[in-house]
Amino acid sequence: MDDLPDTGAAPLFRAAAEARLAPSILNTQPWRWHVDDRHLDLYADPQRQLTGLDPDGRLLVLSCGAALQHAEVSLAARGYEPAVQRTQQRGDDRWLARVGVGGRRPVRPEDVEAWHSMRQRCTDRRPFRAATPVPEAALATLCAAAETAGAWLHRVEPEQVRYVRAAAQGAQRIEDKDQRSVQDLREWAGRDPGLGDGLPAATVVAPVARPVPLRSFGLEGEQGERTADPGPGDDHLAEYLIIATTGDDPVDWLRAGEATSAVWLAATTLGLAVSPLSDVVEVPGARVLLRSLLHRPGHPQLVLRVGAAAGGAPPAAARRRRARDVIRRDRPAPRPRI
Ligand SMILES: Cc1cc2nc3c(=O)[nH]c(=O)nc-3n(C[C@H](O)[C@H](O)[C@H](O)COP(=O)(O)O)c2cc1C
């Protein structure tokens, strides 16, 4: 992917190409883009749905929402006003959104910052540094980013952390016994690097004691694959931010994904490290427990662990599929239902 600025290439195609950098559940990259001269249409790819961990497609759509927000960042950084229409999904309709260009607009410094963060962002699963809290001002910025994207953040209070821990432990116990969930992890973690997707072992850290355990991907000792060194952190000052939405429809999941991306890019700009926890929303009982922690009526969609990176080399990068495998040039499509 080329560097900014270059407005010569078709901005919509470039936005779809850059959206490949978005985070996704188990790096499934479950999106497809159709581009014509005026629009970019975003589709979920049902072949990439995790049928055990994500039977409703919640995290599939959420991942697509992150890609959608990345596409918006790409357009804004090149001086195009992104115009997004979110479709009302019905049944098997996997058409999620249409992106157009509303016109030219001046590029703001924050647009360029977000674009740079898009290229730097990664999942950092190492425990975060002890004795370095997340500043209050940074938390306020992250909350504002979520709200702008149509969701909101609940900051887990120190006395609520043990409930998040219980939710994670309970979810992991249930998923460990569920054959379809175990199969999803086998398929996507430690996958053939040539495929350009899935979770490389080098991005996962061996299990360590921490206030909230991260998902174990079952990669330790697999075919000599090396997991990452956990480093000296302990997560005791990690913040756990619940991304929540008022409704719980696919459009809410899409917005939760956009908010995830917006919050994560803002955190990256602030020099903070992030890793998501989704096991706590995958298992219904854990999701109910998480919901009981919210101070206003809503639905938890994802938890972000945010903190100061423990230092050392940046985490290994997860690979991406080629642009030609995810973007199709298309004839103009009819208007979506909105
Ligand atoms: C919806 C969603 C759920 C995720 N769930 C988890 C999780 O439970 N545990 C985890 O360690 N990472 C989780 N991740 C992070 C992905 O594994 C990561 O984004 C992907 O492997 C690509 O790597 P990157 O973020 O470094 O580009 C999740 C990401 C998304 C978008």
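Nothing fancy with the numbering, it's 1 onward along the sequence. Whatever order the structure lists them in is the order used to number ligands and atoms, beginning at 1. Computed from a prediction, not measured in an experiment: that's the story for all the values here.
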*Between R20, R215, R125, R319, flag the one that comes closest to atom 12 (N) of ligand 1 by a heavy atom.*
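The option holding the nearest heavy atom is R125.
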*Run down the list P276, S275, S261, P315 and name the one with the heavy atom closest to atom 10 (C) of ligand 1.*
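Checking each option, the heavy atom nearest atom 10 (C) of ligand 1 is found in P276.
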*Just jot down the side chain to side chain donor-acceptor pair (under 3.5 Å) partners of E136, sequence neighbours excluded, or say none.*
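For E136, the residues satisfying side chain to side chain donor-acceptor pair (under 3.5 Å) (neighbours in sequence not counted) are R155.
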Could you tell me which atoms of ligand 1, counted from 1 in the order shown, lie closer than 4.0 angstrom to a heavy atom of [X]?
X    : answer
L199 : 17 (O), 21 (O)
R121 : 24 (P), 25 (O), 27 (O)
L62  : 1 (C)
A318 : 22 (C), 23 (O)
C122 : 26 (O)
T123 : 15 (C), 18 (C), 19 (O), 23 (O), 24 (P), 25 (O), 26 (O)
L277 : 8 (O)
F217 : 9 (N), 10 (C), 11 (O)

*asked:* Tell me every residue that passes salt bridge (charged side-chain N to carboxylate O under 4.0 Å, His left out) with D176, counting only those two or more places apart in sequence or in another chain.
replied: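 With sequence neighbours excluded, D176 shows a salt bridge (charged side-chain N to carboxylate O under 4.0 Å, His left out) to no residue whatsoever.
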*How far apart are the closest heavy atoms of G298 and R291, and which atoms are they?*
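That closest heavy-atom pairing would be O-NE, 2.9 Å.
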*asked:* To check you understand the geometry: which heavy-atom pair defines the closest contact between L214 and S275, and what is its length?
replied: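 The answer is CD1-OG, 4.1 Å.
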*Closest protein heavy atom (residue, atom, distance) for atom 20 (C) of ligand 1*: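 Scanning the protein heavy atoms, the shortest distance from atom 20 (C) of ligand 1 goes to S24 O, 3.4 Å.
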*What protein heavy atom is closest to atom 27 (O) of ligand 1, reported as residue, atom name and distance in Å?*
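That would be R320 NH2, 2.6 Å.
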_Under a plain distance cut-off of 3.5 Å, with no hydrogens placed, do H295 and E157 share a side-chain donor-acceptor pair?_
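H295 and E157 do have a side-chain donor-acceptor pair below 3.5 Å.
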*Do W253 and D248 get their side chains close enough for a donor-acceptor pair, meaning under 3.5 Å?*
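W253 vs D248: donor-acceptor pair found between side chains.
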*With D197, which of Q29, R191, R319 fulfils side-chain hydrogen bond (donor to acceptor under 3.5 Å, both in side chains)?*
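Of Q29, R191, R319, side-chain hydrogen bond (donor to acceptor under 3.5 Å, both in side chains) with D197 is met by R191 alone.
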